[in-house]
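Labels below follow one simple rule: chain letters A, B, ... track the order of the sequence lines, proteins then strands, and each chain is numbered from 1. What you see is a predicted model, and the numbers here were worked out from it, not measured in a lab.
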There are 2 protein chains.
Amino acid sequence: MKKYQRLAQQITEQIGLGVWQPGDRLPSLREQVTISGMSFMTVGHAYQLLESQGRIIARPQSGYYVAPRPVKQLKATPPAQVMRDEAVDINTYIFGVLQASRDAAVLPFASAFPDPRLFPLQQLNRSLAQVSKTATAMSVIENLPPGNTELRHAIARRYALQGMNISPDEIVITAGALEALNLSLQAVTEPGDWVIVENPCFYGALQALERLRLKALSVASDVKEGIDMAALKQALKEYPVKACWLMTNSQNPLGFTLSPEKKAQLVALLSAHNVVLIEDDVYSELWFGRDKPLPAKAWDRDDMTLHCSSFSKCLVPGFRIGWVAAGKHAQRIQHLQLMSTLSTSSPMQMALVDYLGTKRYDAHLRRLRRQLAERKHQAWQALLRHLPAEVKIHHNDSGYFLWLELPDGLDAGELGARALAHKISIAPGKMFSTTDSWASFFRFNTAWGWSDREEQGVKKLGQLIIEMLNE
Amino acid sequence: MKKYQRLAQQITEQIGLGVWQPGDRLPSLREQVTISGMSFMTVGHAYQLLESQGRIIARPQSGYYVAPRPVKQLKATPPAQVMRDEAVDINTYIFGVLQASRDAAVLPFASAFPDPRLFPLQQLNRSLAQVSKTATAMSVIENLPPGNTELRHAIARRYALQGMNISPDEIVITAGALEALNLSLQAVTEPGDWVIVENPCFYGALQALERLRLKALSVASDVKEGIDMAALKQALKEYPVKACWLMTNSQNPLGFTLSPEKKAQLVALLSAHNVVLIEDDVYSELWFGRDKPLPAKAWDRDDMTLHCSSFSKCLVPGFRIGWVAAGKHAQRIQHLQLMSTLSTSSPMQMALVDYLGTKRYDAHLRRLRRQLAERKHQAWQALLRHLPAEVKIHHNDSGYFLWLELPDGLDAGELGARALAHKISIAPGKMFSTTDSWASFFRFNTAWGWSDREEQGVKKLGQLIIEMLNE
């Protein structure tokens, strides 16, 4: 093959890979000469060849452009679908479910996030614009771990307003609560250690345990009352447990909030066994009642609780800003962060500081809670209307999940697969457990508003369940 | 203790912790009543008590404010200093050195970053402002892993301009190159696996290996020629190696760039042993010669190279945007990212897309390279002027590090500690190795401009070395 043919082939490959797309301007002849080190003549030949093949188009005075794609696309996008192969590992399964719920054509009942349209986009954008005026060259250094000082102060003050004394110095800003939780777990465990999680629990906890080679002790959790204290006591007695990762407010996926008494008991029990509590409190602002519930950390007198939360579920997921109130572990967490992601992005931290400074946050939260409560009610009513009466809907009064139980041991994974064929996603119970106990359950996200499309989706879900019951 | 005394004590504690700082407005009596659940009377008493103690000040018509701090601070900030206890682990040592180099009062010769004032702050801020106009509620979903489509295309095009065909689909956007490298390593290894690193190497590699419980095989690297191919061959023959993490361009800390022939050899050798290459190429844009050097991945025909880079060292560290061209491993890397940080922040990705769209990037890079080359020359000249002739200065022609060797086996860690007492930071060789081979070496950052202050710093460094030589 001649030089110019090789170059033409390379550019053809790049077009095939999507590096250059239809309508894109290719490097000029002169640029291509510099890039390829070939002569002007060779490059000219290559471009002529590509033109003659209809791959590129020369526009006089302007340059060479990638030709429009032939009508039939070379590579059709495979339809979004959840893997159903049982051999497939659970992470791939979870990934599939979450990917599906991102597709705008699919009803996102499986989504872990609330509808981002509930968030104050305009004000946040204003804060971003503000940062674009105030960011200096040195901002990046000021925002390295443990993170922006003002932001840590603002978070400490929100704790203080709940009567909790948390020093800004023990707060580390992270890439969302997920990084906070992962770093916390890593800070207090060694591979092979036993860690208590709830059953069912947030799949991120199971993934983190697997990633860090920790051994999971799944303790039963009740849909209303939360973790089974007797089972917890037994686990603590029988195993050398290092840490306990759980959610105390608006638990994912069940939705319960632990009573203050139970939080106090939990903290006392773990402290007595010298077990660190990693408290995932990402839904802390999404309560519907009269008062904001306290985290378990409020009862902790022994600095045994790492309290993790974020702005992702209540204000702005895209900024990726969370934190951990880590007590004596704050330094270790900073080290771990410096080794893995280095830090959270500087403009994002500054934009949040600006937004929080506008004092609109609490008004936004009040509105958000009202909207979420309304949407949850609408979804609940629709589910009652359209699902067969045998389906148990476990209601709860915070956050944006409902936990549903199929009758006759029907497989929620199978329902999920069938629903997806109709562009409806749900989050089957097996995503939330290492055991089979939740095969008939699924989590339903109620935060994405309610219109005829959602109504029809729930109706279809009801039909699919009836079909499965009749098989 | 009475109720109002308890409340007063709690607020005093919060002031002590820095939650409320001098001049801050405290919650009003009414707000405090809501927060604490105590009566108006009790809260009033508590505030009066605090006022009588001089801790807070009442301003009529305005509210209660935290009093100015007494002249003598309760807790003096300990002076920045590098830990010298030999028992201290290496990560704590590295952390100490890096922390010190962040202090504006300390000369940042230890810093890993270039002077952020070299970056196009105004244009980047303009892009940020632009994003504040175009970001929509749904942007967050569009920017989830593998990351913003346009950004991945822009990166693929930069590869294409070097003659490399990398599909946008195999690129995953990460929180800087550090996350890319960590995820890559995790994607291709299991705990206990053997991984080859250079000696000396970027400390992040050693930390990642430790974190993932991998076994390090340190292969000697020459300050000019890079990795010792004979030693590499032997290591590959004798150990079941899974991956090799190294830098091919402007290696940190030595500064060499592998020749094209050596890159080709390296890729062929690793491929022959079925060993994955994790290529850390964060300094790829900081070459000073005629042509941009290719990464080793350019020679890879077997999809065995994960090529990691970022915008942090050449455009904008604060955005925390890097990537990996991961080939067949792209899917696995996305999974791992979804489990650990979920994704890179959405506005930061969009701002970069906007900036790259302005076509100013290459002009910026040309200017940056010129400035870095100038600064490196200035620093080198100053080091030649002020350090005793016995100090070996290993020069190189890219990036912003110089590698220096103390005479008579003097301990660079000791020099670093003494220098820090004079507010000068350097990066001792032991940060870059698990062996003692580099105890007399240190890395010197030349990217922070040159003024009388730097000149005096280097002079002092020379004096300290002479002192040590005379001891």
Is it the side chain or the backbone of [X] that comes within 4.5 Å of chain B heavy atoms, both, or neither?
| X | answer |
| --- | --- |
| P317(A) | both |
| S343(A) | both |
| L183(A) | neither |
| E170(A) | neither |
| L121(A) | side chain |
| A208(A) | neither |
| S139(A) | neither |
| D24(A) | side chain |

### Query
Can you check whether G163(A)'s main-chain N or O pairs, donor with acceptor, with Q10(B)'s side chain at less than 3.5 Å?
yes

### Message
I'd like to know if the side chain of D115(A) reaches the main chain of A137(B), judged simply by a donor and an acceptor atom lying under 3.5 Å from each other, with no hydrogens or angles considered.
### Response
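It does not hold such a pair.
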
Heavy-atom cut-off 4.5 Å, strictly under: side chain, backbone, both or neither for [X] against chain A?
| X | answer |
| --- | --- |
| I141(B) | both |
| R213(B) | side chain |
| S36(B) | neither |
| S340(B) | both |
| L144(B) | both |
| S312(B) | neither |
| D291(B) | neither |
| E142(B) | neither |

### Message
Less than 4.0 angstrom from a charged side-chain N to a carboxylate O is my criterion; do R158(B) and D362(B) meet it?
### Response
yes

With respect to chain A, which residue among [options] yields the maximal number of heavy-atom pairs within a distance under 4.5 Å?
| options | value |
| --- | --- |
| Y159(B), Y203(B), F319(B), W20(B) | W20(B) |
| A175(B), S167(B), S346(B) | S167(B) |
| Q207(B), E13(B), R102(B), H153(B) | R102(B) |
| L118(B), V316(B), L338(B) | L338(B) |

For the interface with chain B, which of [options] has the highest count of heavy-atom pairs at distances below 4.5 Å?
| options | value |
| --- | --- |
| I35(A), I94(A), N165(A), V140(A) | N165(A) |
| M138(A), Q162(A), E31(A) | M138(A) |
| G176(A), G204(A), A135(A) | A135(A) |
| R117(A), R157(A), Q349(A) | R157(A) |

### Task
Taking the side chain as every heavy atom from C-beta outward, state whether I166(B) and V19(A) have any pair of such atoms under 4.5 Å apart.
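Heavy-atom side-chain distance check fails, nothing below 4.5 Å.
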
### Query
What distance separates R320(B) CZ from T341(A) OG1, expressed to the nearest 0.5 Å?
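The distance works out to 7.0 Å.
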
